[in-house]
Asker: 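Supplied in structure tokens, the structure appears directly below.
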Amino acid sequence: MENRPTYEQLEATVNDLQKQLHFLECVFDAIPFNVFVKNTDCKYCYTNKICDMLNGVERGGLKGLSDFDLQGSEEIAQSFYDDDMSIMKNKTGSRMLSPTMCGSEIKYYDIFKEPVLDTDGNVMGIMGMVIDPNDSGVKNERLGNDFEKYSEALGEDFDSFAFDYSIENGNTIILKDMENWQLFTAGKPLIESAGENGKIFEDDIPILERMLESVKNGAGQASAIVRFYDNENKLMWCRLALNTVLDNSMKPIRAVGLIRRIPENVVRAEKMRIDAERVKNRVANVLGNRYDAFIYVNFSEKYYRILEHTGVLGNMPGDGSLDELYGFFRERIHKEDIENVRKAAACFTSDEPMEMPSDFRSVEYRFTSDGENYRWKETDIFSTEDNVDREILLTIFDVDDVVKEKQERELKEINNGIIDILSTVVEFRSVESGDHVRRIKGFTKILLKYVNEMFDDVNYSPETMEVISSASAMHDVGKIAIPDSILLKPGKLTDEEYSEMKTHTVRGCEILDSMAALQDKNYYKYSYEICRYHHERYDGKGYPDGLKGEEIPIEAQVVAVADVYDALISKRVYKDAYSLDEAYNMIINGECGVFSDRMMACFTKARAEMEEFSKAQYNGAEA
């Protein structure tokens, strides 16, 4: 006879099993994730503490319930049920990203499920674990997914139709329906569903197709204005936004879709905002966040919109007309740079269809935020790919340090060139020493500072004053072409010799013209004007062109004063040096040329500084 276990043995076995079950429950409760077990009817038969807590029920409160009892969306519950049935049929686990509504927030959960099999391989149910990807530890260390919360996009009232879109098969899950809408049929491809229901305005179907293709190809988001019909067949203007969800390999697999009805009177503004964001995102992918400002410009609609800025634009309105945009920058861009900016933007600002060699332009200019201090900026101008609407994006960068370093390098090269030229002159023609050239540059720089302060019509930048000071060294370069018998004559020149001497201004310009291709454009301009006009007189009796008054460039007037002053205080082959006081009085009294009253006022202001400079430079030797 077979020995049957006694009652005491059975009771001991049951107690042991209960202890093991209790131990397993404690283990499951200690797991920091949502853990559950379902039976073959797809109903919950066990849930751990975290699972009950997240679902807001007492311990064991989910037992006997199905997902249809728990989920606010029937489509989500159906997707869970279909997945469960597939697991039990194929005896193979699954991993799925599932959307769910948490109040006004759409969240995606990473769900792992495996079949529970007995020793004979029969399915007894399903065990699963749910991970919240927004948990930073899980997101960064294990899954590496990029999940977004959309509550901000939905707004507090959440007056939107929300759906989940599978990028793989195009099917939809309705997350939140709106009364009297019924735009899509759950479980069917989005385009097919919208078309069959006749809910989408036919002309807007291509817009929806382009959006879906965009997110499929990796765009993080896509937005557009699309028209739908409600159940009463009334046409609604809506903003449709798609935001992608990525898997752990950063591949887009799903998208959250939001459809919000908008009043017809704000449709244009919404389109503008969408266009601006689209162009901004396109350029931001390339440029990152190195910019001071992003400005979107639409020439067809004749408006601009500031997308972002770091304060460089001050209190500039966030959007406005093109005339307002032009006016703002005209007031703040240095007047010497306005023409360069205008040329860079010319191909975009014409009302005629644009014919551009490329969709990109770049220009550097000086910009002031406070009306006083200028910094170098670079604006890159991008057009859109097809540019049907004639849109551009302006990105503004601060490049002050880079440009100034470049200018310093160029000025150094220019100065080296000047020294080479003048060294050659001194070597072959004993005209004037290098000390004279250095003093002219110093006097010019001092006078320019006061001209900039006292002349209302002058606004030289520090860089421009440096260029003019360097250019002043070329004022007498034309004397290379004057014969020694005239140039070095110790006595008074005859009328014929004086006429020959005066040609040094024109001959100097001819020399500069021969070197124009080798010089900086601004340096050449100032060198030419100084060389040609520094012997003109304010009363019109100078040479070579007899210019009168303000016809004479300011730069030439400044160098003329500097040249006369240095000539008076320096010893020449034909005269001794005058004292500093004598030189000042002779110029002020009009004994050495005729200058404007305001130039003489600057000279008076600069007197002390010029005398201090001359004492430091002039050592009593012949200049």
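These figures come from a predicted structure and were not determined experimentally. Along the sequence shown, residues carry numbers from 1.
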Asker: With side chains defined as the heavy atoms from C-beta onward, is the minimum distance between Gln557 and Glu550 less than 4.5 Å?
Answerer: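 The answer is yes, as the side chains (C-beta and beyond) meet within the 4.5 Å cut-off.
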Asker: Go through the structure and list residues passing salt bridge (charged side-chain N to carboxylate O under 4.0 Å, His left out) with Arg239, not counting sequence neighbours.
Answerer: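 For Arg239, the residues satisfying salt bridge (charged side-chain N to carboxylate O under 4.0 Å, His left out) (neighbours in sequence not counted) are Glu270.
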Asker: Any heavy-atom pair between the side chains of Val226 and Ile200 that's under 4.5 Å?
Answerer: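 Yes - at least one pair of side-chain heavy atoms lies under 4.5 Å apart.
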Asker: Using the side chain to side chain donor-acceptor pair (under 3.5 Å) criterion, which residues pair with Asp401? Sequence neighbours excluded.
Answerer: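 Not a single residue meets the side chain to side chain donor-acceptor pair (under 3.5 Å) criterion with Asp401.
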Asker: Taking all non-hydrogen atoms of both residues into account, name the closest pair between Ala77 and Phe68 and its distance.
Answerer: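 Smallest heavy-atom distance, with atoms named: CB-CD2, 3.6 Å.
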Asker: What's the shortest heavy-atom distance between Lys234 and Asp230, and which atoms?
Answerer: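 That closest heavy-atom pairing would be N-OD1, 2.8 Å.
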Asker: Got a sec, which residues hit salt bridge (charged side-chain N to carboxylate O under 4.0 Å, His left out) with Glu331, two or more places apart in sequence or on another chain?
Answerer: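 Partners of Glu331 under the salt bridge (charged side-chain N to carboxylate O under 4.0 Å, His left out) test: none.
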Asker: Considering only heavy atoms from C-beta outward, does the side chain of Met316 approach that of Leu325 to under 4.5 Å?
Answerer: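 When only atoms from C-beta onward are counted, Leu325 and Met316 do touch, with a gap below 4.5 Å.
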Asker: Using the six-membered ring wherever Trp is involved, compare the ring planes of Phe201 and Tyr229 and label them parallel, tilted or perpendicular (cut-offs 30° and 60°).
Answerer: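 Tilted, since the angle between the ring planes falls between 30° and 60°.
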Asker: Please tabulate, one pair per line, all N/O donor-acceptor pairs under 3.5 Å involving side-chain atoms of residues 205-213, not counting sequence neighbours.
Answerer:
unit_1 : atom_1 : unit_2 : atom_2 : d
Glu213 : OE2    : Asn217 : ND2    : 3.4

Asker: Within 45° of the axis and under 6.0 Å from the centre of the six-membered ring of Tyr303, does NZ or CZ of Arg305 qualify?
Answerer: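 Because its charged atom misses either the 6.0 Å distance or the 45° angle limit, Arg305 does not stack over Tyr303.
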Asker: Can you name the side chain to side chain donor-acceptor pair (under 3.5 Å) partners of Asp204, sequence neighbours left out?
Answerer: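 Once residues adjacent in sequence are excluded, the partners of Asp204 under the side chain to side chain donor-acceptor pair (under 3.5 Å) criterion are Arg227.
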Asker: Fit a plane to each ring of Tyr524 and Tyr528, take the angle between them on a 0 to 90° scale, and name the class: parallel (under 30°), tilted (30 to 60°) or perpendicular (over 60°).
Answerer: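 Judged by the thresholds at 30° and 60°, the geometry between Tyr524 and Tyr528 is tilted.
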Asker: Using a 4.5 Å cut-off on heavy atoms from C-beta on, say whether the side chain of Leu313 contacts that of Phe329.
Answerer: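 Phe329 vs Leu313: side chains touch.
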Asker: Just jot down the salt bridge (charged side-chain N to carboxylate O under 4.0 Å, His left out) partners of Asp323, sequence neighbours excluded, or say none.
Answerer: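 With sequence neighbours excluded, Asp323 shows a salt bridge (charged side-chain N to carboxylate O under 4.0 Å, His left out) to no residue whatsoever.
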